[in-house]
Amino acid sequence: MTSAILRVNPVAKLAVSFLLGITLVLTLDWVSATVAIVLESILFFWAGVSWRTFWLRTLPVWTAAPLVALTIALYGRVSGHSYFEWYLVQVTSGSITLAIATALRVLAIGLPAVVLFITIDPTDLADGLAQLVRLPARFVLGSLAALRLVGLFIDDWRSLELARRARGVADRGRLRRFAGQVFALLVLSIRRGSKLATAMEARGFGASGQRTWAREASFGSREWVLVALGVAIAAAAISASVLTGHWNFIGS
Amino acid sequence: MPISPTVRPARVDAVGFGWRHAGRRAWAVHDLDLVIEPGERVLLLGASGAGKSTLVSALAGVLGGDDEGERAGSLLIDGVGPAGSRGRAGLVLQDPDSQVILARIGDDVAFGCENLGVPRDEIWRRVAEALDAVGLDFPLDHSTSALSGGQKQRLALAGVLAMRPGLLLLDEPTANLDADGVSEVRDSVARSLDRTGSTFIVIEHRVEVWRSLVNRVVILSPDGGVLADGAPDDVLSANGAALAASGVWVPEFPPTVPARRTRASADALISAVELSVGRSSTVKSGIDLDLTAGGFLAITGSNGAGKSTLALTLGGLLRPVAGRVEASEEIATGISRRPIEWKSKQLLSRIGSVFQDPEHQFLSSTVRDELAVGPRALGLPPAEIDQRVEEVLERLRLDRLALANPFTLSGGEKRRLSVGTALATRPRVLVLDEPTFGQDSRTWRELVALISDLLDEGSSVAAVSHDAQFVAALATAEFAFAPTEVLR
């Protein structure tokens, strides 16, 4: 059962990420964020993500959190006892509290977002967005198909780079060459895109009749459970924060 | 032969049909009268620019609306315009990479059915049937990006077959494939046509691929209308020579190959010594070979074996993983003997590389400027640059196109231009990656003649190629990648 979350419809994952994000952005205190992190980490066990993958993919979040904290500790709003002063830098008890609260918040929003997103299959997400959220099929499927071209662009970029060396123009003007290469990639991608569009059209894409879906995107008990868990975590975080008197509505 | 009752072969009627792309003066297709009966199998031939692709695109309903061009006369499938009969015609195009739409093969095949509004249960029945017809024996969730070129084309074919079209259209479906890929696709088409009995139109400039499968050959005239039409043997014997001259590969009229005037010498200009090549990991090791003056080294072997990687490494563009690529003193002329250490400009007059996709190498907005890029980078005086550009323009029959944008050229013209850009700086060594891929017989003949001349002048050429005819015509040495030797 360690991969229960893996099979949940991506639309539900998206909804939960948004819910947690918005809830935690509303307040700036360390209690709500800590409660959220603790509860979320229990959920991670069912994410179907190996520990290696987990640490590797969330590494940016772990890096960002202390950096943000450091910045706020040094330059954040001044209040309470002052520990250290140097030009614009002023470390106070207020700024340190704020720094800790913010770092925890980055983790509390970032970690579940990353975990939920790396378990999303783009095709399933497109199915969900079109069938459940009722976004236009043309837009959703067009974006999905375009996503597949990204891999080709990476190959194109490499070839463009080597080709410039072969053409004798790779010695100087790094910046200009880079700009030229970006433009060349743009031209190539438009050409690839229009070829892909023709291939899609040749298979009846954009036809006037009603489209059917080969894969059913359903929003059933599994999805509701995840959403309920998300709501519960958000509620617990807010309650704990309000009850302990740490609730600090943003902007107040 | 069991004919599926669910496919009704389509009939095509063209009466005075014409199409002119927006912004063009000439009609791509002009004054075409043509009837194709249900179940007929037609090979569509014609010189480049005769409007074959335009006609097939029009039948598939992908030419676009009034803002993309002007239409004349009528073109009907079963008495209805193509736009009103979506799904009656299915089209497979040339480029394998740009026809894969979704990430899993089952979903990709299902895509067309979904668009036609086929019920879900029926879709998956059809997907299984179509994958079986093209012989793609993979699980439905197999990744489409893991397929070879030939398999991708068969996947595209399956996606079209699942729509159960009464008219199957193929536009040079095998031009980008190696010999194995070509026969894979041809056999799949043959099998599915036998099952469905649908009407079939294929564009292909290699006649022998489809000859045994079609029962009618139609040649379009560049001046509009039909040049010849009838049973394959009759049409080809009456028009074979003219077709061959216009670039069509007719087995009875193979392109001529000039005799070499000199022999390859034993002097190595570039040597690979215990070379291992790769990008992030080693794809091939223990390579020892020489590029000799007047010698043509063919690099052959199956797809994905690392041939292109070897070519890039020999061309001084990729760093060897181990071992070394060494230039002779004659080539290096006082600089380092390792091409990878040369500056881009120093490479220019020593080793020329021509990539598989010409578009990757284009830097300018006109053919003339494109050819001048190299000589200019060498710092040659303007008069000399002009002279070299003129010479290459003429030698490669590009003079008429001097002011055209390289990206707007035809496939053959792009190939000639990309070779021309390398020749303009007169390197002694030329490294080519699949120079004859998808080329018509005329461009092929010209490339062979040109390379033969270069070899006679004492240059050395190495070429990655799947083209057995090309290798047979020029190779003085061969380096074959055995598929089993590939390190994973």
Side-chain angles (χ1 to χ4, degrees), chain A residues 121-124 126-127 137 141-142 144-149 151-152 155-172 177 180-181 183-185 187-188 190-216, chain B residues 57 60-62 86-87 90-93 95 97-104 106-107 110-120 123-124 127 144-145 156 159-160 163 279 312 315-318 343-345 347-348 352-355 357 359-363 373-374 377-378 407 421-422 425:
Chain A
D121 176 277
T123 310
D124 296 343
D127 281 335
L141 291 169
L144 179 65
L147 193 65
R148 222 194 37 76
L149 292 181
L152 295 177
D155 293 343
D156 276 339
W157 182 260
R158 277 204 201 138
S159 297
L160 287 172
E161 212 154 20
L162 296 180
R164 272 153 176 74
R165 172 163 163 82
R167 294 297 313 275
V169 296
D171 294 330
R172 279 175 300 173
R177 196 169 75 244
Q181 227 166 293
F183 184 73
L185 188 68
V187 173
L188 287 174
I190 290 173
R191 296 172 69 82
R192 278 196 197 282
S194 69
K195 275 193 210 167
L196 178 66
T198 306
M200 291 174 77
E201 222 184 308
R203 296 228 221 138
F205 188 58
S208 47
Q210 182 68 40
R211 192 179 196 279
T212 50
W213 298 89
R215 299 160 303 277
E216 188 180 9
Chain B
S57 301
V62 295
R86 274 282 165 87
L91 170 66
V92 177
L93 295 152
D95 182 8
D97 281 329
S98 57
Q99 290 187 84
V100 176
I101 296 163
L102 294 171
R104 297 180 289 234
D107 300 348
F111 181 74
C113 298
E114 294 178 308
N115 293 326
L116 296 181
V118 178
R120 184 171 298 147
I123 290 181
W124 292 109
V127 168
T144 48
S145 53
V160 163
M163 295 162 70
R279 283 176 189 266
L312 292 170
L317 301 174
L318 274 187
K343 285 183 179 307
S344 168
K345 188 178 132 184
L347 199 58
L348 214 47
S353 287
V354 177
F355 287 27
D357 184 350
E359 293 188 359
H360 283 141
Q361 286 189 292
F362 292 156
L363 300 167
V373 167
L378 285 179
F407 279 97
T421 57
T425 57

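Order of the sequence lines sets the chain letters (A, B, ...), proteins ahead of strands, with each chain counted from 1.
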When [options] are compared by non-hydrogen pairs under 4.5 Å with chain B, the top option:
options: R158(A), Q210(A), E201(A), R148(A); value: R148(A)
options: L147(A), L149(A), D156(A); value: D156(A)
options: L185(A), L144(A), L188(A); value: L188(A)
options: E161(A), R192(A), M200(A), R164(A); value: M200(A)

*Test: R215(A) and D127(A) ion pair at under 4.0 Å*: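 A salt bridge is present here (some side-chain N lies under 4.0 Å from a carboxylate O).
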
_Test: R279(B) and D155(A) ion pair at under 4.0 Å_ =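 No salt bridge links R279(B) with D155(A).
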
Side chain, backbone, both or neither of [X] within contact of chain A (heavy atoms, under 4.5 Å):
X: I101(B); result: both
X: L347(B); result: side chain
X: F355(B); result: side chain

*Heavy-atom distances under 4.5 Å only: say whether A214(A) touches chain B with side chain, backbone, both or neither.*
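For A214(A), heavy atoms of backbone and side chain both lie under 4.5 Å from chain B.
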
*asked:* Less than 4.5 Å to any heavy atom of chain B: does that hold for the side chain of L160(A), its backbone, both, or neither?
replied: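 Both backbone and side chain.
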
Heavy-atom pairs under 4.5 Å with chain A - which of [options] has more of them than the others?
options: D97(B), V100(B), T421(B), D95(B); value: V100(B)
options: V127(B), L102(B), V92(B), D107(B); value: D107(B)
options: G117(B), A377(B), S145(B), G112(B); value: G117(B)
options: V118(B), V160(B), L91(B); value: V118(B)
options: T144(B), T425(B), L378(B), V373(B); value: V373(B)

Side-chain heavy-atom pair [X], [Y] within 4.5 angstrom cut-off:
X: D357(B); Y: S159(A); value: no
X: R120(B); Y: T212(A); value: no
X: H360(B); Y: L162(A); value: no

*Tell me, please, whether W213(A) has R211(A) positioned over its six-membered ring: NZ or CZ under 6.0 Å from the ring centre and within 45 degrees of its axis?*
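That pair qualifies as a cation-pi contact.
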
*Is there a donor-acceptor pair closer than 3.5 Å between any side-chain N or O of R203(A) and the backbone N or O of N115(B)?*
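Not a single qualifying donor-acceptor pair exists.
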
*What distance do F362(B) atom CZ and F407(B) atom CZ have between them, rounded to the nearest 0.5 Å?*
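That separation rounds to 7.0 Å.
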
_What's the separation between atom CZ in R165(A) and atom CG in L348(B), rounded to the nearest 0.5 Å?_
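So the CZ of R165(A) and the CG of L348(B) are separated by 10.5 Å.
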
